[in-house]
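Structure first, commentary second.
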Amino acid sequence: MKLYYDKDADPTALCGRRIAIIGYGSQGFGQANNLRDSGCDVIIGLRSEGRTRAKAERAGFRVLPIAEAAAQAEIVMMLVPDEVAPEVYERWVAGHLRAGACLGFSHGFAIHYGFIKPPSDVGVFMVAPKGPGHLVRREYTRGAGVPCLLAVHQDPTGDVRRTALAYAVAIGGGRAGIIETTFREETETDLFGEQAVLCGGLTSLIKAGFETLVEAGYTPELAYFECLHEMKLIVDLLYEGGISGMRYSISNTAQYGDMTRGPIVINDETKRRMRGILAEIQSGAFAREWMREHRQGRPRFQQLERETREHLIEKVGANLREMMAWLRRERLVDEAEN
Ligand code: NAD
Ligand code: MG
């Protein structure tokens, strides 16, 4: 594994090169503010009707229409949602990229699956922080950083890796560690993680546990605490000390149940299905399905979202969270500002 830190980068690689950040959502906010504080020349490209425009202006950035921002910059960082990146690129960016310019991403999706095909005289890199933009910002302001992945897809000038490394360092990644990878590896592992484990696997596990208890006649509020609320405590322990570290802190009874019952819930059949999910990611079938769904106005996306919002676990949870005052203090996300 190739790992880089601040000392490995050439900070002058960004000197005199204007950076256009396209999109001011989670990553756009974090990266733009860190770049500016690192002394970079940053402008923001947004749609005129976009809701994030006021936030970028309040933060003191020069905000331009996307096409103008792209035309004025040597480095264009695409930080809009992955499924809209191809249309944004076609309409407002493609025609304004100069030869020798760089196009950057924080996720490999659009490039790896070929939804965006930049001309061969444009450099293409990825700097992907392994955390949401709000954390990227908070850690930077504390003098630290979030680890980043770095990849180069196209290097017509021979200078793109140096640029990408300087970019990763300027957003704080070099304080934590920058790992070199490829667009393919980043994209496929990222999609697999969020589908099978982090988001998909986890929410389905929580719902199945909650439903099992409620269907057996237990109080929904208790089922919520046991299957959702306490997840955070366990995840914090895993985050700090891995599986063994977590087991050190739980009771012996919990640990025995963990070790003997966990493999009954998640078993060889689950792994067989995980391999099926991975195969659909590798073949591009998932990516094509999602882009088709997006183009058709997302009917399935909206229906599934609505179904969960109406699920008992969400109603019970909203009421219980009202009882927990500390949840409203010290929030990482303030929707008005970031
Ligand atoms: P986001 O949804 O938070 O922000 C999107 C921005 O794009 C907003 O400014 C929004 O106004 C704008 N936008 C939305 N639709 C648009 C459209 N149709 N046309 C033009 N602009 C539009 O996005 P994000 O989560 O910051 O993701 C940006 C990139 O960063 C993605 O490639 C994502 O995969 C990657 N990434 C995100 C995270 C994360 O935790 N959020 C982590 C690592 C990488
Ligand atoms: Mg991810």
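What you see is a predicted model; the values in this text were computed from it and never measured. Start at 1 and go down the list; that is how both ligands and their atoms are numbered.
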Could you name the option among [options] that has the heavy atom nearest to [atom]?
atom                    : options        : answer
atom 34 (O) of ligand 1 : D82, I66, I44  : D82
atom 20 (C) of ligand 1 : R47, E49, K130 : R47
atom 5 (C) of ligand 1  : P81, G23, G28  : P81

Looking at ligand 1, does any of its N/O atoms fall within less than 3.5 Å of an N/O of [X]?
X   : result
T52 : yes
Y24 : yes
S26 : yes

Which of these, E186, R184, E188, sits in a side chain to side chain donor-acceptor pair (under 3.5 Å) with H112?
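Looking at E186, R184, E188, the match for H112 under the side chain to side chain donor-acceptor pair (under 3.5 Å) is E188.
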Worksheet item: Does the side-chain hydrogen bond (donor to acceptor under 3.5 Å, both in side chains) test come out yes or no for E226 and Y218, once each step is laid out?
Response: CA-CA 11 Å; E226 295 306 327; Y218 295 97; over 6 Å; no
**Message:** Show, in sequence, the C-alpha distance, side-chain angles and deciding distance for D190 and K130, and conclude whether the salt bridge (charged side-chain N to carboxylate O under 4.0 Å, His left out) test is met.
**Reply:** CA-CA 10 Å; D190 191 73; K130 288 280 89 185; 3.6 Å; yes
Check your understanding: Without hydrogens or angle criteria, can the side chains of S106 and Q31 be said to hold a donor-acceptor pair below 3.5 Å?
Key ->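 Yes, a side-chain donor-acceptor pair sits under 3.5 Å.
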Sub-4.0 Å heavy-atom approach of A56 to ligand 1: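 The answer is no: ligand 1 sits nowhere under 4.0 Å from a heavy atom of A56.
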Is any side-chain heavy atom of H107 closer than 4.5 Å to a side-chain heavy atom of Q27?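 Side-chain contact under 4.5 Å: no.
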Q) What is the distance from atom CG of L149 to atom OG1 of T189, rounded to the nearest 0.5 Å? A)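 If I round to the nearest 0.5 Å, the distance is 7.5 Å.
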